[in-house]
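Down below is the structure, laid out as structure tokens.
The chains referred to below are lettered A, B, ... by the order of the sequence lines, with proteins before strands, and numbering in each begins at 1. The structure displayed is predicted, hence computed values, not measured ones.
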Amino acid sequence: MIRAALALVWVQLLQMARSRRALFALLGWPVALTAVLSFALGPAFDGQLITSVRVALVNLDTGSTGDVVAQFLRDRSGFTVTAASSQDEALADVAKGSADVAVIIPADTTEQISHGGKASVEVDAPPSKSTMQSVVAGVIQGLGTVLPVLSDVAGKGTAPRGLAEVSFVSQYSGGTALTASTYYAIGMTTLFMLTQAMNRAEAMVRDRRSDRWQRLCAAPLPALWRTVAWFVASYVLLFAQAVALWVASTLLFGAKLGTPGLTLALLAGYAFALTGLAVAVGYGINNPETVDGLSMVGANILAALGGSFYPLYNFPHWLQVLGRILPNGLMLQTWVQTALSPDPSALRLPLCVFAAMGVVCVLLSLGQRAARRNAV
Amino acid sequence: MVLEARSLSKSYGNKRAVEDVSLTAEPGDALGLLGPNGAGKSTTILMLVGLLEPDEGDVWLDGRSIRQDPRYFRQHIGLVPQRIALYERLTAEENLRFWGRVYGLTGKALAAQVEWCLELAGLTEHRRERVAHFSAGMQRRLNVAVGLVHRPKLLIMDEPTVGIDPQSRGHILDTVRRLNAEGMTVLYTSHYMEEVEYLCRRVAILDHGQVIAYGSIDDVRRLAGALSTVRLTLPEVPEDALAALRQNLTLRNVVADGNTVLFQTQEAGPAIARAVQVLADHGLHPARIDVDEPNLEAAFLHLTGRRLRDGGEEA
């Protein structure tokens, strides 16, 4: 049985690999669209890409640089900055939820920079706000290159010496600024995996209506093994697509998508959930046009709500909550978080959700198969 | 006895697709299932191979019930579906290997069967070409060969020659006839009566889901009596001319088929003279006159008053 099922998996993969059209839909089109979105929308989002962040700011700097940084953050759209009198007060604001991120500019900032050194700006946030934390850190890190201009405009006196070497280092560990390339690489991969899952569902419906399926059902390969073979083939395709997009986004567009181990684990989990969904739809719906409609409309609505087209963090709060409930929204947010701040513990809940979704969908499809006694 | 189907019935909603169909096939038998589109042939076949559960009745293969031992059926029946059931982006050899594996063949046994099937289908030279590049006839031949890859006891073929060239059709018919002569039991469905007459020793004629005639080919032919079938080709067939022909009691089962009028009669000569006279009265003159001796087509016409290739889509 296992050999027969593996043969069925192999045949499906071979069919796909030999179809230029299918390969383009699987890889070519997603890479092209990711490129378009990354390059076209990247400048529009620039460093203020994804979020509206409430910042509790403590400026302890005895010189002028701290003021420049504070003003810079205030001037950025997407940031709401309130001044805190002390580090404790700022951290308390974050703890009680009135601020998302605490930024502490140390007392020796100007002095450090004046002597050609580096200043350490502390950016604190709870784990649940790690994405916002990394955004703030990224913006402050990027400030070094524009600091001379800002200093002049602010009229705060002579710019510190050695500005070309100025950089700010936050205490935030492993933080990476979120760019359009990174966000859309994640968004598009999430979207196209969903679309591919629906394509697989449609292919399954069409196959079930074919005489080839009839012949397969008349052979000594039990229904359970046919389902397993379909699942495995679909899973391999989805996972291969995800890995290919991940590699392409990293190499071609410079997207920073996180550590390989965590990313692969996340992609594997998401692919499992989507494969389960594909099998459930493929068994549950008999009309390929209906599945096609679901693919065209449903998948795009899910992708929009899940943040694939537009950064989820700029949605109204209730839409963000809705987005997090959707599997693709959950995937996108978790991946963004993982890319910015590699934290294995952050993957536990999403992976459990994906595993449960995959298993439930497969059980549903087997139940549908058993209930449909007269079906081929 | 290889196959026995007893009192099979199947409904789709309120529509009775098959009603009380009983058939048997002895080892080495060649049984034809003949009927127009929508007669219930495909539904009957789906029940015979276990793809559709009958509402009533049961099927036995070598004395084993399909309800109790469906795996035995799947292992020993070869199915050739009506439409091409192949992976079009795979080569002929890859298709045969795949289907052989599905039936549990491996190693040398698989390789030997693949070779045999390629030779049987006349595709040895095209073994590494993808099915998508094959002609319709080559695809049909491979479609038949796949059904044989595990050397089944019973080969069930559902209209396997639809839409192909005469050469491939002849190849398929000769192949099946040879396999049957070597001892393979064959159940062949078609609405081409000449194919069934060529291949089969016995025939069951289905109409509206029921067996209306069942027995040896000669027995079923005799159901039409000694009636010959006459076909008159006309420029057109007006209703009033058809009605006039039907009023003549010596002309039986008068039907129109496009620009052709068909009727049955015991004495062709006088009947044709009378029919030509009636048509002349309506200003019509036959461009061509054909006379068929009694055959399965005539039997079907005699039993139902319709031609075999009339009717709607298959259920």
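By number of non-hydrogen pairs under 4.5 angstrom with chain A, the leading residue of V102(B), I84(B), I77(B), L90(B) is L90(B). Contact count against chain A (heavy-atom pairs under 4.5 Å) is highest for P81(B) among P70(B), G50(B), P81(B). Note: A219(A) leads P222(A), A7(A), A219(A) in heavy-atom pairs under 4.5 Å with chain B. When each of L14(A), V11(A), L221(A) is checked for heavy-atom pairs under 4.5 Å with chain B, V11(A) comes out on top.
Taking the six-membered ring where the residue is Trp, Y103(B) and H150(B) present parallel rings, their angle staying beneath 30° rather than reaching 60°. Between Y72(B) and H76(B), the angle of the ring planes lies from 30° to 60°, which puts this pair in the tilted group.
By the 4.0 Å N-to-carboxylate-O rule, D158(B) lies too far from K41(B) to be salt-bridged with it.
Under a cutoff of 6.0 Å and an axis angle of 45°, R151(B) and W116(B) form a cation-pi pair. For the pair R18(A) and Y87(B), the cation does not sit on the ring face, since its NZ or CZ is not both under 6.0 Å from the ring centre and inside 45° of the axis. Geometrically, R64(B) does not engage F73(B) in a cation-pi contact, judged by NZ or CZ lying under 6.0 Å from the ring centre and within 45° of the ring axis.
Atoms CH2 and CZ, from W225(A) and R3(A) in turn, are 13.0 Å apart once rounded to the nearest 0.5 Å.
Heavy-atom proximity under 4.5 angstrom to chain B picks out nothing from residues 264-276 of chain A.
For a residue to count as touching a neighbouring chain, one of its non-hydrogen atoms must lie under 4.5 Å from one of that chain's; by this rule N95(B) does not touch chain A. Contacts of R130(B) with chain A are made by side-chain atoms alone, with heavy-atom separations under 4.5 Å and no backbone atom involved. Both the backbone and the side chain of E88(B) come within contact range of chain A, with heavy atoms under 4.5 Å apart. No part of L6(A) comes within reach of chain B, as not one of its non-hydrogen atoms sits under 4.5 angstrom from that chain.
In the model, S11(B) has a side-chain atom that pairs as donor or acceptor with a side-chain atom of R16(B) under 3.5 Å. A side-chain donor from one of R208(A) and N286(A) sits under 3.5 Å from a side-chain acceptor of the other.
More than 12 heavy atoms of other shown residues, nucleotides or ligands fall within 6.0 angstrom of atom CZ in R206(A).
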